[in-house]
Amino acid sequence: MAAPSSQSCTALERSIRERVPTLLTDLYQFTMAYAYWRSGRHNEPAVFELFFRDNPFGGSFSLFSGMHDCLLFLRSFRFTDEDVEYLRSVLPPATDPAFFLFLRELDCSGVTLHSVPEGMVVFARVPLMEVSGPLAVVQLLETSLLCLVNYASLVCSNAARFRLAAGSRRKLLEMGLRRAQGPDGGLTASRYTYVGGFDMTSNVQAGFLFGIPVAGTMAHSYVTSFSSLEEVWPQVSLLAANGDHDNIDLISLTKGWLGRVCELLGVESGKIHEGELAAFLSYAIAYPHNFLPVIDSYSVTCSGLLNFCAVALSLFELDYSPLGVRLDSGDLCRQSVEVRHVFRLCSEQFSIPAFQSLLIVGTNNISEYSMAELNKKENEIDVVGVGTHLVTCTRQPSLGCVYKLVEVRGSPRMKFSEDPEKSTVPGRKAVYRMLDTEGEDTAETREKVQSSIQTLHPRHKRLQEPDSYIVSFKVCLLCGDMEQRRGLDSLWYWIERHLTLGHSHPAFRQCKCTHLYTHTYARTHLYTVRH
């Protein structure tokens, strides 16, 4: 991964300010903040936790993403005069004018963010982030932080599942920008699918902002825009790469190779589409070292493959190195085997060893299921391009992260709810995870993701019917007042009865503060980022 330039880093910070302005939140955040301010409670110390209730995609884990954007958002959190004037127009007329002066001076200098490391494997109901600070401010942050974490973590987790389904050998190309939920969704998807295990993206802006390797081939529209060889220009068109020859008549050279390929394969040239050959020649003249066309615009076996081989052999003769082909329809596994067979025949017949190892890229509405099926069938696909099912997360459109109050003025807070599964566990928590192997996280978030996934037992990494990861709780009551102690005992009995997610484990950290309990998840200390 190329490191983003200082220019792109500046652009990234500007992008966050533009994508997530301070007004990008729900109206009721302001009405609650006003009520806190009106009652004099706005500066009370409070703690919120951000977590999700169920592991996504029927799996047993997720990947935490979006923290860096959250930090950039906190740094830039400030209301402009224009923001305040708009709020004055939409809040109820009875709102005290002094509240708007309060908003104008508001920032996140008093906010502290504790978080697990970005890119780390996480589980349902485990706190991903703890946000502490003045009550009114941390309340106002809710919607924006959820917006930044929900989709980033979901699409990163989806990418990791695609990587697990594909295995380590096959390269993965994210190409979902055109199918994403708007420009911001497309940019976020490109960024976090790379973090989740994809190797490259077609999104040029993502490459600029985040240093992600970019790649692409050609569209069918380019191929179908040509109809005859007369459209190839210039006709005498290409210099040999080693400079040994004058300009070569690439059309004549390719026609000669096309005849030899047809003879080798025992096929007639009558079904070969001349416009397709013209498109391939024109692209090869433009990019002789990056020639990778789509070959199914008309027929793979009767036209596209033959035309590619003829042009590629011409390029090899001139000491260039074409890259390969893309398949975008039909039975990708079967076609890839046929294509590789022809590549090997050409390699042996024409004594070009590199021809047999040309890339075969497969793209055709790839889903997690079809990706897993590739490993069950014979195929020769080297690179898989994934778009719709990756960036739209079709199996689950939202991770369902929530942001819940757990402490005010050092006292635990709990939501009971009519639905037990929506009840919260009160108090601040320490997050631990028990690992079977030793190891430290690497500096790069992407490498950290793969390292973190490797700590999971194979039964937790299964894409279908994985074993659940046990999340455990331990209560610690340190209250001197017996009445309060009995009340907390009753509260814990309710929690134990309704919310326990796993069994007790002896290796729990003893709580040495006034927290109600300790939540156990990761062995290493809670990763902390202070604003």
Side-chain angles (χ1 to χ4, degrees), residues 216-238 248-318 320-332 334-350 352 354-364 380-383:
T217 59
M218 67 169 63
H220 295 98
S221 58
Y222 180 83
V223 177
T224 57
S225 71
F226 290 83
S227 58
S228 74
L229 291 173
E230 293 179 359
E231 295 170 295
V232 179
W233 188 262
Q235 297 280 310
V236 179
S237 46
L238 199 61
I248 302 299
D249 183 349
L250 189 60
I251 295 177
S252 298
L253 181 63
T254 301
K255 283 182 176 179
W257 277 113
L258 184 57
R260 296 171 70 180
V261 170
C262 289
E263 182 180 353
L264 171 65
L265 301 179
V267 298
E268 298 181 0
S269 60
K271 293 184 179 180
I272 292 175
H273 199 284
E274 184 177 316
E276 183 179 55
L277 180 58
F280 290 1
L281 282 167
S282 295
Y283 199 88
I285 291 168
Y287 291 111
H289 280 300
N290 299 87
F291 181 57
L292 199 160
V294 59
I295 61 172
D296 68 332
S297 296
Y298 301 106
S299 169
V300 172
T301 56
C302 295
S303 183
L305 180 57
L306 304 176
N307 282 330
F308 169 78
C309 288
V311 176
L313 288 164
S314 299
L315 292 173
F316 273 117
E317 182 176 336
L318 298 175
Y320 292 103
S321 300
L323 296 181
V325 299
R326 177 163 74 98
L327 301 168
D328 190 50
S329 60
D331 187 337
L332 299 183
R334 176 184 58 79
Q335 289 181 108
S336 70
V337 171
E338 294 172 353
V339 169
R340 185 68 70 195
H341 175 66
V342 171
F343 285 176
R344 289 178 178 135
L345 287 177
C346 289
S347 175
E348 295 170 5
Q349 179 68 24
F350 306 123
I352 304 175
F355 211 94
Q356 65 179 338
S357 57
L358 290 171
L359 293 176
I360 299 176
V361 180
T363 60
N364 183 20
E380 292 287 342
I381 298 173
D382 303 294
V383 181

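All residue numbers in this chain count up from 1 along the given sequence.
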A.B. asks: Tell me the closest heavy-atom pair linking Leu306 and Cys302, and the distance in Å.
C.D. replies: CD1-O, 3.6 Å
A.B. asks: Determine whether His220 and Asp296 make a side-chain contact, defined as any pair of heavy atoms from C-beta on separated by less than 4.5 Å.
C.D. replies: yes
A.B. asks: Among Val311, Leu315, Val232, Asn307, which residue satisfies the side chain to side chain contact (heavy atoms under 4.5 Å, CB included) criterion with Thr254?
C.D. replies: Val311
A.B. asks: Under 4.5 Å between any side-chain heavy atoms of Pro293 and Val223, yes or no?
C.D. replies: no
A.B. asks: Which atom pair, heavy atoms only, marks the closest approach of Gln356 to Arg340?
C.D. replies: O-NH1, 2.9 Å
A.B. asks: Nearest 0.5 angstrom please: Leu327 CG to Ile381 CD1, how far?
C.D. replies: 7.0 Å
A.B. asks: Determine the minimum heavy-atom distance between Val325 and Leu292, stating which atoms define it.
C.D. replies: C-CD2, 3.6 Å
A.B. asks: To the closest 0.5 Å, what do you measure between CD1 (Ile295) and CD (Gln335)?
C.D. replies: 7.5 Å
A.B. asks: If we only count heavy atoms from C-beta on, is the Trp257 to Cys309 side-chain gap below 4.5 Å?
C.D. replies: no
A.B. asks: Which one of Leu258, Ile248, Leu250, Leu281 satisfies the side chain to side chain contact (heavy atoms under 4.5 Å, CB included) criterion with Ser314?
C.D. replies: Leu250
A.B. asks: Which value, rounded to the nearest 0.5 Å, describes the distance between Phe280 atom CZ and Ser297 atom OG?
C.D. replies: 6.5 Å
A.B. asks: Ion pair present between Asp249 and Lys255, side-chain N to carboxylate O less than 4.0 angstrom?
C.D. replies: no
A.B. asks: Are Arg334 and Glu338 close enough for a salt bridge, meaning some N to O gap below 4.0 Å?
C.D. replies: yes
A.B. asks: Do you see a donor-acceptor pair shorter than 3.5 Å between the side chains of Thr363 and Asp328?
C.D. replies: yes
A.B. asks: Do you know the tightest heavy-atom contact between Ser329 and Asn364?
C.D. replies: CA-ND2, 3.7 Å
A.B. asks: How about Glu276 and Ser303: does a side-chain donor come under 3.5 Å of a side-chain acceptor?
C.D. replies: yes
A.B. asks: With a 6.0 Å cut-off on ring centres, are Phe291 and Tyr287 close enough?
C.D. replies: no
A.B. asks: Can you check whether Tyr283 and Phe226 have ring centres sitting under 6.0 Å from each other?
C.D. replies: no
A.B. asks: Determine whether a donor-acceptor pair (N or O, by modelled atom type, separation under 3.5 Å) exists between the side chain of Glu274 and the backbone of Ser228.
C.D. replies: no
A.B. asks: Does any part of the side chain of Phe343, heavy atoms only, come nearer than 4.5 Å to the side chain of Ile352, both counted from C-beta?
C.D. replies: no
A.B. asks: I need the Tyr298 OH to Ile272 CD1 distance, nearest 0.5 Å.
C.D. replies: 13.5 Å
A.B. asks: Would you indicate whether the side-chain heavy atoms of Ser282 and Trp233 approach each other to under 4.5 Å?
C.D. replies: no
A.B. asks: State the CD1-CZ distance between Ile360 and Arg326, to the nearest 0.5 angstrom.
C.D. replies: 14.0 Å
A.B. asks: Looking only at non-hydrogen atoms, find the nearest pair between Phe316 and Leu358 and report the distance.
C.D. replies: CZ-CD2, 4.2 Å
A.B. asks: To the closest 0.5 Å, what do you measure between SG (Cys346) and CD (Glu348)?
C.D. replies: 10.0 Å
A.B. asks: Phe350 and Phe355: aromatic ring centres closer than 6.0 Å?
C.D. replies: no
A.B. asks: More than 12 heavy atoms of other residues, nucleotides or ligands under 6.0 Å from NE2 of His341: is that the case?
C.D. replies: no
